[in-house]
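Reminder, nothing fancy here: chain letters follow the sequence lines and each chain counts from 1. Note that the structure is predicted; figures quoted are calculated from it, not measured.
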Number of protein chains: 2
Amino acid sequence: MSRRMKIDLSVILQKATELVDEQGLDQLSIGLLAEKLEIRPPSLYNHLDGLNELKQKLAIQGVKKLHEYMQQAAVGRSGDDAIRAISKAYLQLVREHPGLYDASTRFPDANDQELKQAQESVVQLVLQVLDGYKLQEEIAIHMVRGLRSILHGFTSIEQMGGFGMPLDINKSFLILINTFIEGIHAVTINEEKYMQTND
Amino acid sequence: MSRRMKIDLSVILQKATELVDEQGLDQLSIGLLAEKLEIRPPSLYNHLDGLNELKQKLAIQGVKKLHEYMQQAAVGRSGDDAIRAISKAYLQLVREHPGLYDASTRFPDANDQELKQAQESVVQLVLQVLDGYKLQEEIAIHMVRGLRSILHGFTSIEQMGGFGMPLDINKSFLILINTFIEGIHAVTINEEKYMQTND
DNA sequence: TTATTTTAACTAATCATATTAGTTTTCGCA
DNA sequence: TGCGAAAACTAATATGATTAGTTAAAATAA
């Protein structure tokens, strides 16, 4: 940023992250990014294969950062407390890096091994947090999916400006997480009841 | 589709819907759509203002269809049953019209009145369903947000192929909804406890 | 230091899309 | 039949991504 910043992949990713966080993922273009880096568009091809590869790398970075946030939040906590902490961390990441998070959910190549592994590590982290509930293995996985759905859903809707009514959004979030936690407790008490697909 | 189909806005929207449901929202282009309609790209401009207007109209159609599905599902039901029914309808809509649903969450103009109104009608429908729980007005709205988050989150993750583990996705969904319902019951019992933002 | 190699920039050109301008065709109907 | 509107068309322009081929600059080896 000062005089002649040395451009390498990490600088490119950093600028791209700033760009998408400020202007949205859809505004990311080779041209605009090159402009921010003060080079010509084709020069970017010396560092990466094109826009798709860039988006893929952003996706990976986004998932890794999400994991990082959640992991830090989970340190030294367990049970309900841990769920609240990782949920809050998730929300915080999306608010601080809306574009990067968006990138982490709209990637060109879902089969990318590095991406898959990063995603898996988030799942494992949540499974670890749920470990304390002594749920059946299968139920635990369903619960991970549930919590992910809640977190992704809430943050996405918030980002798209979907909560229209003038009502404290943070409170909505806390209540949602608490409702889910209460639900887990209820399910814990009678797991069998929930293992049958009654429909 | 037969020999000379008369092209008007509704035919365009229908073909566009097929296109996005089959190939994804990002594949929607003036060129491809024109090809499917067997006309030249510029001819589409006789019917609409451009790609953005088309996407906006798809978004509105998507929200309206979602409302329709949910409303039909809610007829004659109440309480937990009604929540399960509208949730199932939501999931069904997204599975039958993934591209249209996607369009309904990524629109060019969030201030469009028709779009806002359609979205509002979905919120009102869910509020009506929650009415039976006799929640405080404010809590009810938080719960609407919660359920929307769950439904949007779950369906989005499913669509992006995000549920990696080999475990019945439908069961995950039922458990999630049931967990949420149990949570509502728990919260209902002691609403005050959840009205304080303890963090 | 100087020569060589590699890296990373550049210009110019191509391709895909959206869009606009201006023209022609088609079709319902007076 | 023939007019006027609707809706198609061709041609042209603009923006972006990308490729090809070239040059400059930096790192490294002699």
Restricting both atoms to N or O, compile the protein contacts to nucleotides 15-20 of chain C shorter than 3.5 Å, with distance only.
{"residue": "C:dA18", "atom": "OP1", "partner": "B:I30", "partner atom": "N", "Å": "3.1"}
{"residue": "C:dA18", "atom": "OP2", "partner": "B:I30", "partner atom": "N", "Å": "3.1"}
{"residue": "C:dA18", "atom": "OP2", "partner": "B:G31", "partner atom": "N", "Å": "3.0"}
{"residue": "C:dT19", "atom": "OP2", "partner": "B:Y45", "partner atom": "OH", "Å": "2.6"}
{"residue": "C:dT19", "atom": "OP2", "partner": "B:L51", "partner atom": "N", "Å": "2.9"}
{"residue": "C:dT19", "atom": "O5'", "partner": "B:Y45", "partner atom": "OH", "Å": "2.9"}

Checking B:D112 now: which residues fulfil side-chain hydrogen bond (donor to acceptor under 3.5 Å, both in side chains) with it, not counting sequence neighbours?
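B:D112 satisfies side-chain hydrogen bond (donor to acceptor under 3.5 Å, both in side chains) with B:Q56 only.
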
Ring geometry between A:H97 and A:Y69 (parallel below 30°, tilted from 30 to 60°, perpendicular above 60°):
perpendicular

Which of parallel (below 30°), tilted (30 to 60°) and perpendicular (above 60°) describes A:Y90 and A:Y101?
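The rings of A:Y90 and A:Y101 stand perpendicular, inter-plane angle above 60°.
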
If you group Ile, Leu, Val, Met, Phe, Trp and Tyr by side-chain heavy-atom gaps below 4.5 Å, do B:M165 and A:V63 land in one group?
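Result: yes, single cluster for both.
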
Rounded interatomic separation in angstrom, taking CG from A:L33 and P from C:dA9
12 Å

Give a yes-or-no answer on whether the side chains of A:Q92 and A:E96 include a donor-acceptor pair shorter than 3.5 Å.
yes

Does the side chain of B:H185 come under 3.5 Å of the side chain of B:D80 through a donor N or O and an acceptor N or O?
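A pair is found: one side chain offers a donor N or O, the other an acceptor, under 3.5 Å apart.
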
Hey, are the side chains of A:R148 and A:V126 touching, using non-hydrogen atoms and a 4.5 Å cut-off?
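Side chain of A:R148 against side chain of A:V126, heavy atoms only: no contact under 4.5 Å found.
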
Verify the neighbour count for atom CD of A:E120: are there more than 12 heavy atoms of other residues, nucleotides or ligands below 6.0 Å?
yes

Could you pull out the protein-nucleic contacts involving nucleotides 4-8 of chain D (nitrogen or oxygen on both sides, under 3.5 Å)?
{"residue": "D:dA8", "atom": "OP2", "partner": "B:H47", "partner atom": "NE2", "Å": "2.7"}
{"residue": "D:dA8", "atom": "N7", "partner": "B:N46", "partner atom": "ND2", "Å": "2.5"}

